[in-house]
Amino acid sequence: MVTKQFTGSPDDADLLRADSLAREVFSDVANKWALLIIETLGDRTLRFSELRNELEGISHKMLTQNLRMLERNGLVSRTVHPTVPPRVEYTLTEAGTALRKTVDGLCDWTHRYLGHIEAARHRFGS
């Protein structure tokens, strides 16, 4: 798979600049629901209701907002099938699939260090 690299202003890619596009995108995708949606979609194509059923605790509104944000950022593709009622499916784009590798790493890290984190929280008193 060839990954397309898009170029823009270096300022847009600078996470340290408050006005950078990179910081805005980072803020968008670095939330628990976006990460979980990306992980849940994985290599699959799912309908809205299937996603909601797999993501315990997410509200209809929150799932809708996060799917729209991920679509706006080019990470999720939304396909509407002209049926009655309309069937809408979501899948990761090439960029979303590339980001999923990072999300997988974060999930692996969480599983590996969960005991350590629990022990630290216990010592801290929370």
Side-chain angles (χ1 to χ4, degrees):
M1 171 174 66
V2 175
T3 302
K4 298 176 195 120
Q5 296 291 322
F6 296 96
T7 58
S9 160
D11 291 342
D12 285 340
D14 186 354
L15 282 173
L16 300 179
R17 288 180 52 111
D19 63 345
S20 75
L21 177 59
R23 189 182 280 194
E24 182 182 330
V25 172
F26 189 78
S27 176
D28 281 349
V29 299
N31 78 67
K32 71 177 176 182
W33 293 122
L35 295 173
L36 290 171
I37 290 167
I38 290 166
E39 185 66 16
T40 301
L41 278 173
D43 296 325
R44 304 181 295 169
T45 297
L46 296 174
R47 296 177 69 175
F48 184 93
S49 59
E50 293 170 324
L51 261 172
R52 185 156 182 229
N53 289 339
E54 290 202 27
L55 291 169
E56 186 176 318
I58 193 167
S59 68
H60 185 280
K61 178 181 176 182
M62 190 58 60
L63 180 55
T64 298
Q65 288 175 348
N66 275 274
L67 285 169
R68 285 181 183 159
M69 174 273 298
L70 290 168
E71 185 180 10
R72 184 183 75 241
N73 285 312
L75 303 173
V76 167
S77 174
R78 178 179 182 262
T79 304
V80 180
H81 298 278
T83 59
V84 178
R87 189 175 86 237
V88 181
E89 296 176 329
Y90 298 90
T91 190
L92 293 178
T93 63
E94 181 182 339
T97 300
L99 178 58
R100 182 173 170 238
K101 292 175 185 170
T102 300
V103 174
D104 285 347
L106 184 58
C107 291
D108 291 345
W109 173 87
T110 302
H111 286 110
R112 183 173 181 182
Y113 289 101
L114 192 58
H116 172 82
I117 294 165
E118 287 176 331
R121 287 182 170 197
H122 180 74
R123 287 190 306 273
F124 192 74
S126 56

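Below, all heavy atoms of this structure are taken into account, side chains as well, without hydrogens, waters or symmetry copies.
- Residues satisfying the side-chain contact (heavy atoms from CB on, under 4.5 Å) test with Ile38, not counting sequence neighbours, are Leu70, Leu92, Leu99, Arg100, Val103.
- Applying the side-chain contact (heavy atoms from CB on, under 4.5 Å) criterion to Thr93, with sequence neighbours excluded, gives Ser77, Ala95.
- There is a path of hydrophobic side-chain contacts, each under 4.5 Å, that joins Tyr113 to Leu35.
- Each ring pair (Phe, Tyr, Trp, His ring centres under 6.0 Å) pair with one or both residues in residues 77-99, not counting sequence neighbours, would appear here, but there are none.
- There is a path of hydrophobic side-chain contacts, each under 4.5 Å, that joins Val29 to Trp109.
- Taking Ser27 as the reference, nothing meets the side-chain contact (heavy atoms from CB on, under 4.5 Å) condition, with sequence neighbours excluded.
- Scanning for ring-ring contact (aromatic ring centres under 6.0 Å, His included) contacts around Phe48 gives His60, with sequence neighbours left out.
- Partners of Arg23 by salt bridge (Lys or Arg N to Asp or Glu O under 4.0 Å), not counting sequence neighbours: none found.
- With sequence neighbours excluded, no residue forms a side-chain hydrogen bond (donor to acceptor under 3.5 Å, both in side chains) with Arg47.
- Cluster annotation: Leu106 and Leu114 are assigned to distinct hydrophobic clusters (Ile/Leu/Val/Met/Phe/Trp/Tyr, side-chain heavy-atom contacts under 4.5 Å, transitive).
- Side-chain atoms of Leu41 and Leu46, non-hydrogen and from C-beta on, do get closer than 4.5 Å to each other.
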Check against salt bridge (Lys or Arg N to Asp or Glu O under 4.0 Å), Glu118 and Arg123: CA-CA 9 Å; Glu118 287 176 331; Arg123 287 190 306 273; over 6 Å; no
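- For the pair Glu39 and Lys32, the salt-bridge criterion is not met [side-chain N within less than 4.0 Å of a carboxylate O].
- In this structure, the side chains of His116 and Arg121 stay at 4.5 Å or more apart for every pair of heavy atoms.
- The side-chain contact (heavy atoms from CB on, under 4.5 Å) check on Val25 picks up Leu21, Asn73, with sequence neighbours excluded.
- The shortest distance between side-chain heavy atoms of Leu63 and Ile37 falls below 4.5 Å.
- Residues in residues 62-71 take part in these side-chain hydrogen bond (donor to acceptor under 3.5 Å, both in side chains) pairs, two or more places apart or across chains: Asn31-Asn66.
- Here the OG1 atom belonging to Thr97 is positioned 8.0 Å from the NZ atom belonging to Lys101, to the nearest 0.5 angstrom.
- Contact between Ile58 and Met62 at its shortest, heavy atoms only, is CG1-CB, 3.9 Å.
- Listed by first and then second residue, the salt bridge (Lys or Arg N to Asp or Glu O under 4.0 Å) pairs that reach into residues 74-90 are Arg87-Glu89, sequence neighbours excluded.
- Not counting sequence neighbours, Glu24 has no partner by the salt bridge (Lys or Arg N to Asp or Glu O under 4.0 Å) test.
- In this structure, the side chains of Asp28 and Arg72 come closer than 4.5 Å at one or more pairs of heavy atoms.
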